[in-house]
Amino acid sequence: MPLSHSPAATCQLLAPSRRTRLPTPCPRAGAAPAAEAALLPAPLRADSLPRHVAVVMDGNARWARARGLPSAAGHEAGRRALEETVRLSRAWGVRALTAFAFSHENWSRPKVEVEFLMGLFERVIHESIAGFLREGIRLRVIGDSSRLPVSLQKTAREAEEATRNNSQLDLTLAISYSGRRDIVQACRSLAQKSAYSELFFTDTLWPDFGEDDYLEALVSFQSRERRFGVRKL
Ligand SMILES: CC(C)=CCC/C(C)=C/CC/C(C)=C/COP(=O)(O)OP(=O)(O)O
């Protein structure tokens with residue numbers, strides 16, 4: 001990941017790793033459906049869930065190294081952590097999840113690792129389509145697609161097309177994304193929509209990111225006094 005020297009794991013777009021980005025609170029839009037709200041673990045509240053959560057999946061290599069495993073094993077474990085985060089997002093009523101998977105800078109990794117990751121992305125997307133259809137998950141793949149292998153581009157397009165009418169969860173995978181460009185885009189978007197983000201930092205390596213970590217991030221989000229940049233008198 002762009003800032004993989006950092007010791008931590010999740011989220012964000014505007015800042016270095018170790019961050020969980022919890023953007024755009026939107027109580028009504030983000031509220032879990034009534035039937036699912038009952039499944040929310042305490043102390044999570046359905047009335048002020050973030051509408052959109054973004055995660056930077058940092059820490060795969062460190063996770064693998066700590067176990068004497070190749071980095072590929074860390075990426076496979078990262079895949080499982082992502083699948084669990086998708087499942088929890090849907091179950092808890094988070095409407096949009098963006099996962100930053102592969103940055104522009106990651107292209108300079110060893111060829112064998114880049115090829116492994118491209119193959120993994122293609123395999124995961126292909127294998128997930130049936131589940132996405134079953135669970136009502138809409139997939140989008142963003143980033144500089146022109147640099148991706150043609151077969152991955154094709155698989156991504158097919159998955160996007162197949163899931164385009166799903167509405168339970170918007171899942172966005174950022175592959176070949178540019179941190180710098182994202183910052184500019186986010187600033188423009190913030191200026192236009194008065195949107196607001198909260199960041200959450202965790203030391204958990206992405207493959208270990210599970211329900212407790214996600215819950216901690218969301219509860220932290222809900223416990224913050226949100227002023228949207230305005231000072232209260
Ligand atoms: C379809 C899909 C998105 C699959 C999920 C697989 C997955 C989690 C990919 C992320 C790849 C990646 C470059 C992670 C950063 O960890 P790192 O290697 O930089 O680890 P480090 O921070 O310890 O150096």
Side-chain angles (χ1 to χ4, degrees), residues 1-13 15-21 53-89 96-132 137-145 147-149 151-160 163 169-179 201-210 213-214:
M1 300 298 285
L3 296 150
S4 57
H5 56 278
S6 136
T10 68
C11 317
Q12 148 16 27
L13 168 84
S17 69
R18 303 185 65 190
R19 290 157 170 76
T20 299
R21 184 178 188 230
V53 171
V55 294
V56 173
M57 302 184 290
D58 253 356
N60 293 355
R62 279 166 286 166
W63 183 94
R65 207 177 306 126
R67 289 160 179 77
L69 297 171
S71 57
H75 296 317
E76 291 282 3
R79 169 200 177 157
R80 292 192 288 277
L82 177 59
E83 287 171 346
E84 176 68 352
T85 305
V86 168
R87 186 187 71 78
L88 290 170
S89 299
L97 176 69
T98 295
F100 289 88
F102 189 92
S103 70
H104 179 74
E105 291 80 3
N106 288 150
W107 287 110
S108 57
R109 289 193 174 204
K111 189 164 178 278
V112 65
E113 184 178 0
V114 170
E115 286 178 357
F116 173 82
L117 281 168
M118 292 300 137
L120 177 64
F121 296 150
E122 185 174 337
R123 183 158 46 88
V124 170
I125 293 171
H126 179 73
E127 291 173 1
S128 301
I129 294 176
F132 288 163
I137 296 168
R138 179 174 188 176
L139 178 75
R140 289 189 187 88
V141 179
I142 60 170
D144 181 5
S145 63
R147 295 193 71 178
L148 306 183
S151 59
L152 173 55
Q153 294 181 33
K154 185 166 173 286
T155 301
R157 274 200 307 270
E158 285 169 1
E160 287 178 335
T163 63
L169 173 72
D170 283 331
L171 172 63
T172 302
L173 296 181
I175 303 178
S176 193
Y177 66 89
S178 155
F201 298 73
T202 176
D203 287 328
T204 303
L205 300 179
W206 175 253
D208 289 325
F209 191 85
D213 301 280
Y214 198 5

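Just so you know, ligand 1 is whichever comes first in the structure, and atom 1 is the first atom listed for that ligand.
Contacts between Leu82 and ligand 1 below 4.0 angstrom, taking non-hydrogen atoms only, involve the side chain exclusively. Residue His126 does not touch ligand 1, judged by heavy-atom distances below 4.0 Å. Only the side chain of Asn106 comes within 4.0 Å of ligand 1, judged by heavy-atom distances.
By the 4.0 Å N-to-carboxylate-O rule, Arg87 lies close enough to Glu84 to be salt-bridged with it.
Within ligand 1, counting atoms from 1 as listed, the ones closer than 4.0 Å to a heavy atom of Ala61 are 17 (P), 18 (O), 20 (O), 21 (P), 23 (O), 24 (O). Numbered from 1 in the order shown, with element, the atoms of ligand 1 that lie under 4.0 Å from a heavy atom of Gly78 read 8 (C). Listed by atom number, the atoms of ligand 1 under 4.0 Å from Met57 heavy atoms are 3 (C), 8 (C), 14 (C), 15 (C), 16 (O). Distances below 4.0 Å separate heavy atoms of Arg62 from the following atoms of ligand 1: 21 (P), 22 (O), 23 (O). Within ligand 1, the atoms closer than 4.0 Å to a non-hydrogen atom of Gly59 are 16 (O), 20 (O), 21 (P), 22 (O), 23 (O), numbered from 1 in the order shown. Of all atoms in ligand 1, listed by their number and element, those nearer than 4.0 Å to a heavy atom of Ala101 are 3 (C), 10 (C), 11 (C), 12 (C), 13 (C). Distances below 4.0 Å separate heavy atoms of Val124 from the following atoms of ligand 1: 1 (C). Each of the following atoms of ligand 1 lies closer than 4.0 Å to a heavy atom of Leu120: 6 (C).
Within the 4.5 Å cutoff, side-chain heavy atoms of Phe116 are placed close to those of Glu76. Considering only heavy atoms from C-beta on, Val124 stays 4.5 Å or farther from Leu82 through its side chain. The shortest side-chain heavy-atom distance between Tyr177 and Ile142 does not fall under the 4.5 Å cut-off. Side chains of Phe100 and Asp58 form no contact here, defined as non-hydrogen atoms less than 4.5 Å apart. With contacts defined as side-chain heavy-atom distances shorter than 4.5 Å, the pair Leu169/Phe132 does not qualify.
Taking only nitrogen or oxygen atoms, main chain and side chain alike, Leu117 does not reach within less than 3.5 Å of ligand 1. An N or O contact shorter than 3.5 Å is missing between Trp63 and ligand 1 by distance.
Using a non-hydrogen distance threshold of 4.0 Å, Ser71 does not register as a contact of ligand 1. Heavy-atom distances between Phe121 and ligand 1 reach below 4.0 Å in at least one pair. Look at Arg65 and you'll find every heavy atom at least 4.0 Å from all atoms of ligand 1.
In this structure a side-chain-to-backbone donor-acceptor pair under 3.5 Å is missing from Arg79 to His75.
By the 30° and 60° cut-offs, the orientation of the rings of Tyr214 relative to Phe209 is tilted.
With sequence neighbours left out, the side chain to side chain donor-acceptor pair (under 3.5 Å) criterion links Thr172 to no other residue. For Glu122, there are no salt bridge (charged side-chain N to carboxylate O under 4.0 Å, His left out) partners, not counting sequence neighbours.
Nearest-heavy-atom check against atom 8 (C) of ligand 1 across Leu139, Val141, Asn60 picks out Asn60.
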| Leu171 and Thr163: CA distance, side-chain angles, deciding distance, side chain to side chain contact (heavy atoms under 4.5 Å, CB included) verdict | CA-CA 10 Å; Leu171 172 63; Thr163 63; over 6 Å; no

